[in-house]
Amino acid sequence: MLLTLTTTRVPATDLGFVLRKHPGRLQEFALSFGKAHVFYPEAGPERCTAALLVEVDPVGLVRQRGRPPGEGGALEQYVNDRPYAASSFLSVAIAEVFRSALGGQCGERPELATTPFPLVARLAALPSRGGEHWLRRMFEPLGYQVTATRLPLDEHFPEWGESAYFQVELAAEVTVAQLLNHLYVLVPVLDGDKHYWVGDDEVAKLVRHGEGWLATHPEREVIARRYLKHRGSLVADALAQLADESGADPESAAEVQAGEEAAVERPLRLHERRHETVLNALRATPAGRVLDLGCGEGRLLQALLKEKQFTEIVGVDVSHRALEIAAGRLHYDRLPPAERARLQLLHGSLMYRDERLEGFAAAAVVEVIEHLDPPRLAAFERVVFGCARPGTVVVTTPNREYNVKWETLPAGRFRHRDHRFEWTRAEFEAWAERVAAEHGYQVRFEPVGPVDAALGAPTQMGLFTR
Ligand code: SAH
């Protein structure tokens, strides 16, 4: 199996320093299951490519390990795709051969380890039994441009059809360590086949190699399940550790992502327009006590505070970090006592019933639902419309139809990496009508932002009243 890494960052041969493999030498490494070779098909100042060629010795493997229980017949032990297809063997080879680069270290030139390079990784044959769609779902949320070519089963016999293997190119501006860690985890996940061994230390490995990206990956649950071969208790353990990780420094990634979202939407001042529109909608009600559910960094709270109509304003968010930022923005500690008495910031999740949210006249839920996993929307509906039951609920969410208007937004991508979905107007309206009917509300819709005759407005708003 073959993996190549190419950079065009001048001087491109710096790649040799990061990988700690000299571009002028051909090197060979013994592995427990075969051999790895590292060489550079090209190494110029403008462009440099390092290749990792891994040879798996299936005969040696069978002799060494004996026949694994429950596996195919004798022939399958010797004749299989393991020598050719990228799999957990590639991850093991990366860990052995590029240990320091994988760990983000670069002895002589430490600054190179943390420098993002324009990088292209090519995998000659990556299995993805779930098809190209799965490949994209794994790598695109991490910012890769994915090019995948499905390989035929046998090029001499096209009538045999397609295989489950892809020649894959992944391009992004990332550090070498990030790229290697993404491959280390995701290649075996895509392969999903005979993973070497799954024990407790695999959880530690997953958490270590997933640091900084897996906790916020939209497919983290699938990744953990597949990486750990569906061993329930290990998966639960890994997910808990990942959740802790995202709790320890919860939104460093989310903040960057929020920045990206803002960058797409900034020319339209969409953030401000949304809050203005929601504020107007709330002002038009007799509401005095209002909730801002998923208040984030507190911009809407700031606007609400300026309106004397609102006598009690409660911001709720699941992210501690966002609440801290909100408290800073609102100068919570320095507010005059009468003002401070009007405002509360609560840490809580909209997934669970919370009595503190009951008895309010109105609630804003601005750009929050698209961050919830679709299977968990039902919990949100129960908590907000069934239990908290404010007299008015104002919900906003992106209108996916409008995305084609943004030249900078790659087709098929959401506005924000953490979005679990973005709905068309028809989808949002169908959802809202159903929720309203089930919980005794009426709903009407308003566009937010400039309206395109065919596509609608960039943001859609539902006004629920009871
Ligand atoms: N309403 C804000 C923030 C939108 S971003 C604004 O308009 O700027 C989405 C916010 O929802 C984030 O702050 C996120 O932490 C919060 N969130 C996501 N899931 C949540 C949940 N289950 N419970 C409460 N808040 C949640």
Side-chain angles (χ1 to χ4, degrees), residues 215-216 218 220-221 243 246-266 268-282 290-305 313-330 344-354 356-357 360 362-385 387-388 390 393-398 414-423 448-449 458-462:
T216 51
R220 61 193 168 275
E221 299 198 19
S246 59
D249 181 14
E251 269 63 47
S252 57
E255 274 165 39
V256 174
Q257 293 167 5
E260 287 171 5
E261 177 180 35
V264 189
E265 296 189 339
R266 190 171 299 132
L268 299 179
R269 289 197 319 111
L270 205 50
H271 214 128
E272 291 107 281
R273 283 186 178 203
R274 225 160 16 222
H275 288 158
E276 280 161 22
T277 314
V278 171
L279 187 64
N280 286 336
L282 292 175
V290 291
L291 291 165
D292 183 2
L293 302 175
C295 62
E297 301 176 3
R299 284 175 207 268
L300 180 62
L301 294 174
Q302 199 170 24
L304 289 167
L305 261 181
I313 302 161
V314 175
V316 183
D317 207 284
V318 74
S319 156
H320 263 297
R321 178 93 185 96
L323 292 173
E324 270 169 28
I325 296 173
R329 175 190 305 281
L330 300 164
Q344 264 191 81
L345 295 175
L346 298 180
H347 183 234
S349 167
L350 304 174
M351 294 292 109
Y352 303 99
R353 178 175 190 172
D354 187 337
R356 297 174 300 176
L357 309 185
F360 283 78
V365 194
V366 180
E367 307 294 286
V368 174
I369 55 172
E370 65 276 8
H371 290 265
L372 307 176
D373 283 320
R376 304 174 91 175
L377 263 181
F380 164 86
E381 294 163 20
R382 262 197 314 277
V383 168
V384 174
F385 294 92
C387 302
V393 185
V394 184
V395 177
T396 76
T397 194
F414 295 147
R415 297 180 199 177
H416 186 304
R417 272 194 247 167
D418 190 49
H419 285 181
R420 307 304 157 89
F421 58 84
E422 285 176 0
W423 278 334
V448 182
T459 299
Q460 39 189 346
M461 179 167 79

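Counting convention: from 1, in listed order, for ligands and their atoms alike. Heavy-atom basis, side chains included; hydrogens, waters and symmetry copies ignored.
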### Query
For ligand 1, is there an atom lying under 4.0 Å from some heavy atom of Gly348?
yes

### Query
ligand 1 versus Cys295, non-hydrogen atoms closer than 4.0 Å: side chain, backbone, both, neither?
backbone

### Task
Report the relative orientation of the aromatic rings in His419 and His416; use parallel for angles under 30°, tilted for 30 to 60°, perpendicular for over 60°.
parallel

### Query
Considering distance alone, does some N or O of Leu350 sit under 3.5 Å from an N or O of ligand 1?
yes

### Task
Run down the list Val318, Val366, Val278, Asp292 and name the one with the heavy atom closest to atom 24 (C) of ligand 1.
Val318

### Query
Does Leu300 have a non-hydrogen atom less than 4.0 Å from ligand 1?
no

### Spatial distance of atom CZ (Arg382) from atom CG (Leu350) [nearest 0.5 Å]
13.0 Å

### Query
Should Glu297 be listed as contacting ligand 1, given a heavy-atom distance under 4.0 Å as the test?
no

### Task
Could you tell me which atoms of ligand 1, counted from 1 in the order shown, lie closer than 4.0 angstrom to a heavy atom of Ser319?
15 (O)

### Task
Under 4.0 Å from a heavy atom of Val368: give me the atoms of ligand 1 that qualify, with their elements.
11 (O)

### Message
Could you tell me, atom by atom, which parts of ligand 1 come under 4.0 Å of a heavy atom of His275?
### Response
6 (C), 7 (O), 8 (O)

#### Entry: Interatomic spacing from CG in Leu291 to CZ in Phe360 - rounded to 0.5 Å
4.5 Å

### Query
What are the atoms of ligand 1, with element, lying closer than 4.0 Å to any heavy atom of Leu372?
19 (N), 22 (N)

## Note on the structure
Filtering Asp317, Thr396, Leu301 for the heavy atom nearest atom 13 (O) of ligand 1 leaves Asp317

### Query
So is there a nitrogen or oxygen of His371 less than 3.5 Å from a nitrogen or oxygen in ligand 1?
no

### Message
Once rounded to the nearest 0.5 Å, what's the spacing between atom CD1 of Ile369 and atom CD of Glu381?
### Response
9.0 Å

### Task
State if Arg299 counts as touching ligand 1 under the rule of any non-hydrogen atom under 4.0 Å.
no

### Task
Using only heavy-atom distances, determine whether the side chains of Thr396 and Arg274 contain a donor-acceptor pair under 3.5 Å.
no

### Within-shell test, Arg274 vs ligand 1, heavy atom, strictly < 4.0 Å
no

### Query
Taking only heavy atoms of Gly294, which atoms of ligand 1 are found under 4.0 Å from at least one of them?
1 (N), 2 (C), 3 (C), 10 (C), 11 (O), 25 (N)

### Distance filter under 4.0 Å to Glu367 heavy atoms, resulting ligand 1 atoms
4 (C), 5 (S), 9 (C)

### Nearest heavy atoms of Arg273 and Gly449, plus distance in Å
NH1-CA, 3.3 Å

#### Entry: Heteroatom distance test (Ala322, ligand 1): nitrogen or oxygen, under 3.5 angstrom
no

### Task
Report the distance from atom CZ of Phe421 to atom CG of Leu377, rounding to the nearest 0.5 Å.
4.5 Å

